[in-house]
Amino acid sequence: MNTKAEIIEIYSATKQSLGFKIRTKCHSCGETFTSPLFQYEQLDRYQNGAFAQDAFPEWSPADRELFLISGTCGKCFDKMMGAFEETEEE
C-alpha cells in the first residue's frame, strides 16, 4: 500500500467503524486522489496474501494500481504502458 497517505476513518451513524479511505498523490504526476472505502476484512485478506483483484473486486484496476500496488494513477500508468508497448513494437 502507498506509504505516504492520509487516512480518513469512516464511521456509521452508530459510531461503528466501517473502514477507512486514504488520500494520496500519484508518484508520477503528483495529482491527489481519495480511495474507495477500505474495509478491514478486505485489507486483512490482501495483507495475508490475496491478490489485489480478489481482495478488492469492486475496485477498478486503476484504483488497485494507485492505492495498493505502485502508487501510479491510471492516466500515468496508461502513458507508461503506451510507451512500453511502442518500444516492444519497434
Side-chain angles (χ1 to χ4, degrees):
M1 184 166 32
N2 191 337
T3 56
K4 293 184 179 184
E6 173 189 355
I7 297 174
I8 306 161
E9 192 77 21
I10 307 297
Y11 293 95
S12 70
T14 59
K15 306 284 188 206
Q16 291 181 312
S17 179
L18 298 175
F20 61 96
K21 293 184 177 190
I22 60 173
R23 187 173 297 127
T24 192
K25 292 183 179 184
C26 170
H27 292 303
S28 184
C29 68
E31 187 174 342
T32 300
F33 296 89
T34 300
S35 73
L37 183 69
F38 275 91
Q39 295 176 341
Y40 292 106
E41 304 82 36
Q42 293 174 302
L43 186 58
D44 187 54
R45 285 196 309 267
Y46 179 67
Q47 290 179 326
N48 284 304
F51 291 115
Q53 64 269 28
D54 295 333
F56 299 91
E58 68 284 353
W59 286 25
S60 70
D63 282 342
R64 292 190 296 259
E65 188 68 38
L66 174 63
F67 296 105
L68 297 170
I69 300 169
S70 71
T72 305
C73 74
K75 187 168 53 174
C76 291
F77 184 83
D78 289 346
K79 284 181 187 176
M80 287 189 304
M81 290 301 106
F84 176 74
E85 289 170 0
E86 290 172 10
T87 303
E88 281 191 336
E89 292 173 0
E90 293 175 357

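Remember, predicted model here, so these are calculated numbers, not experimental data.
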pair Phe20-Leu43: side-chain heavy atoms closer than 4.5 Å: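 They are in side-chain contact.
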
Heavy-atom side-chain contact between Trp59 and Leu66 under 4.5 Å: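 Result no, sub-4.5 Å side-chain heavy-atom pair not found.
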
Arg45 side-chain N/O to Ala50 backbone N/O, donor-acceptor pair under 3.5 Å: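 Absent.
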
Look up atom [atom1] in [X] and atom [atom2] in [Y], then write down how far apart they are to the nearest 0.5 Å.
X: Glu65; Y: Cys26; atom1: CD; atom2: SG; result: 10.0 Å
X: Cys76; Y: His27; atom1: SG; atom2: NE2; result: 11.0 Å
X: Thr32; Y: Arg23; atom1: OG1; atom2: CZ; result: 8.0 Å
X: Phe56; Y: Leu68; atom1: CZ; atom2: CG; result: 5.0 Å

Under 3.5 Å side-chain donor-acceptor pair for Gln42 and Glu58: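 Yes, Glu58 and Gln42 have a side-chain donor paired with an acceptor closer than 3.5 Å.
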
Transitive ILVMFWY side-chain link Tyr40 to Ile22, under 4.5 Å: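 Yes, it is one cluster - the side chains of Tyr40 and Ile22 are joined through contacts under 4.5 Å.
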
Same apolar cluster: Ile69 and Phe51, side chain cutoff 4.5 Å: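 Ile69 does not cluster with Phe51.
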
